[in-house]
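Order of listing sets the numbers, starting from 1, for every ligand and every atom in it.
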Amino acid sequence: MIVNHHERIHSDEGNLCKKCMSELENLYIYLELSTEELDLLDMPRRSFTVHFPVHMDSGKTKMFLGHRVQYNDARGPTKGGIRFHPELTLDDVRDLAFLMALKCAVVNIPFGGAKGGVAVNPKELSRRELELVTRGYIRAISDYIGPYKDIPAPDVYTDEKIMAWILDEFERIKGEHVPGVVTGKPIELGGSKARSYSTSLGGIHVLEEALKKTKMNKSKARIAIQGFGNVGENAARILHQTGYKITAVSDSRGGVMNDEGLDIPELMEHKQKTGSVMDFRGGKNITNEELLVSDCDILIPAALSEQLNESNAKDVKAKLILELANAPTTIEADGVFQDKKILVIPDILANAGGVVVSFFEWVQNLNNDYWEEDKVLEKLKSTMVASFNDVYGMCIEENCSMRRAAYQLAVKRILHAEKLRGNL
Ligand code: GLU
């Protein structure tokens with residue numbers, strides 16, 4: 001029975017990526033899920049691809065390719081970011097949408113999961129072209145998004161300026177104000193206080209809870225952060241302000257390291273001026289590969305997926321990994337980390353602070369309300385701490401990894417909602 005199922009889900013029509021599927025399969029066996037339950041989780045509810053024309057600065061028209069996957073909406077409207085990346089495929093989007101469904105369930109907010117994006121390198125577009133690509137994509141998917149259907153947000157290489165264009169394009173089409181259609185907006189257009197650094201801060205709340213459990217000495221902990229985009233930079237900034245020592249950071253070009261600790265405010269200025277963290281006078285240049293295996297206690301991958309893999313996992317020296325990126329660890333690396341007893345705080349918990357504050361933004365929009373920063377911060381903290389304790393409690397009870405516990409908690413919540421709806 002299990003073997004048959006195993007074959008089916010790994011056939012060419014198979015749905016989820018190897019890693020997601022392997023987690024799901026383990027749960028299938030462990031939680032004794034029925035094949036109906038597995039089927040329901042294995043397939044996205046709606047998945048679509050669009051092509052749209054953009055009039056480029058050259059005077060020529062170019063066709064662009066976009067995707068959106070609405071994975072599961074049993075717990076509420078689907079929710080998830082939009083990424084602009086040249087190598088984006090429908091498969092990536094589907095896997096990321098699945099992770100969003102789990103993420104919203106882990107932190108117990110009333111959303112399902114979605115993800116979308118355009119296959120484009122935004123660095124090669126002018127500002128005008130970037131705006132037209134954004135608007136073209138939103139026109140192509142406008143029938144399928146909305147505050148009670150599917151709510152986009154920022155993701156890799158998209159920011160609040162792009163969210164403002166999304167809002168404007170959608171409102172032009174509908175002929176009315178609909179601020180709740182997108183989150184991560186500028187504050188002036190109905191965005192929430194603290195949304196811009198909420199993914200990083202939420203991760204730090206989870207990290208602090210984990211440190212209490214592991215009894216790692218906070219003042220001595222050396223931290224390496226891969227990625228200096230919105231999430232990585234804000235994580236470095238807040239950790240530095242809180243008194244942690246950051247010994248290495250990197251961006252897509254390369255990294256910089258200093259065993260005595262980097263001066264993050266100065267490094268941020270350097271990045272602002274030069275466009276990279278490299279060649280900073282307060283440290284020595286290293287590669288991204290060197291950063292991942294550098295001598296540190298806490299490693300924070302905050303860039304793209306599959307950075308920790310078969311080729312480098314055995315050399316990782318950190319005792320704790322906080323996954324601020326989505327899916328930074330391959331299945332092989334995860335196995336190595338378990339053998340090495342490295343505590344991995346999985347993405348669907350570690351980086352959920354972003355979608356938690358997106359939820360607060362949506363609530364404010366639906367109520368025409370406006371919360372002070374303190375209120376947002378307090379609610380973010382209590383949500384992240386409670387979620388950490390839910391997952392950690394299950395991890396101890398079941399004697400399993402944090403990732404397994406988080407998946408288990410999320411899957412149970414989603415299936416419970418499906419049962420209440422009568423779908424199972
Ligand atoms: N893109 C972010 C994530 O992967 C945020 C999604 C949201 O706020 O909806 O969690």
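A heavy-atom distance below 4.5 Å is found between the side chains of K185 and N365.
Side-chain N or O atoms of R75 include one that pairs as donor or acceptor with a backbone N or O of I109 at under 3.5 Å. Listed for the Q338 side chain is no donor-acceptor partner under 3.5 Å among the backbone atoms of G335.
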Note down each nitrogen or oxygen pair, ligand 1 side and protein side, whose separation is under 3.5 Å; give only atom names and the distance to 0.1 Å.
residue  : atom   : partner : partner atom : Å
ligand 1 : 1 (N)  : P154    : O            : 2.8
ligand 1 : 1 (N)  : D155    : OD1          : 2.7
ligand 1 : 4 (O)  : K103    : NZ           : 3.1
ligand 1 : 4 (O)  : K115    : NZ           : 3.0
ligand 1 : 4 (O)  : D155    : OD1          : 3.4
ligand 1 : 4 (O)  : N326    : ND2          : 3.1
ligand 1 : 8 (O)  : R195    : NH2          : 3.1
ligand 1 : 8 (O)  : S358    : OG           : 2.6
ligand 1 : 9 (O)  : K79     : NZ           : 2.8
ligand 1 : 10 (O) : K103    : NZ           : 2.6

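Side-chain N/O atoms of D73 and T78 include no donor and acceptor closer than 3.5 Å.
For H270, the ring pair (Phe, Tyr, Trp, His ring centres under 6.0 Å) partners at least two apart in sequence or on another chain are F280.
Y197 carries R237 over the face of its six-membered ring, with the cationic atom under 6.0 Å from the centre and within 45° of the normal.
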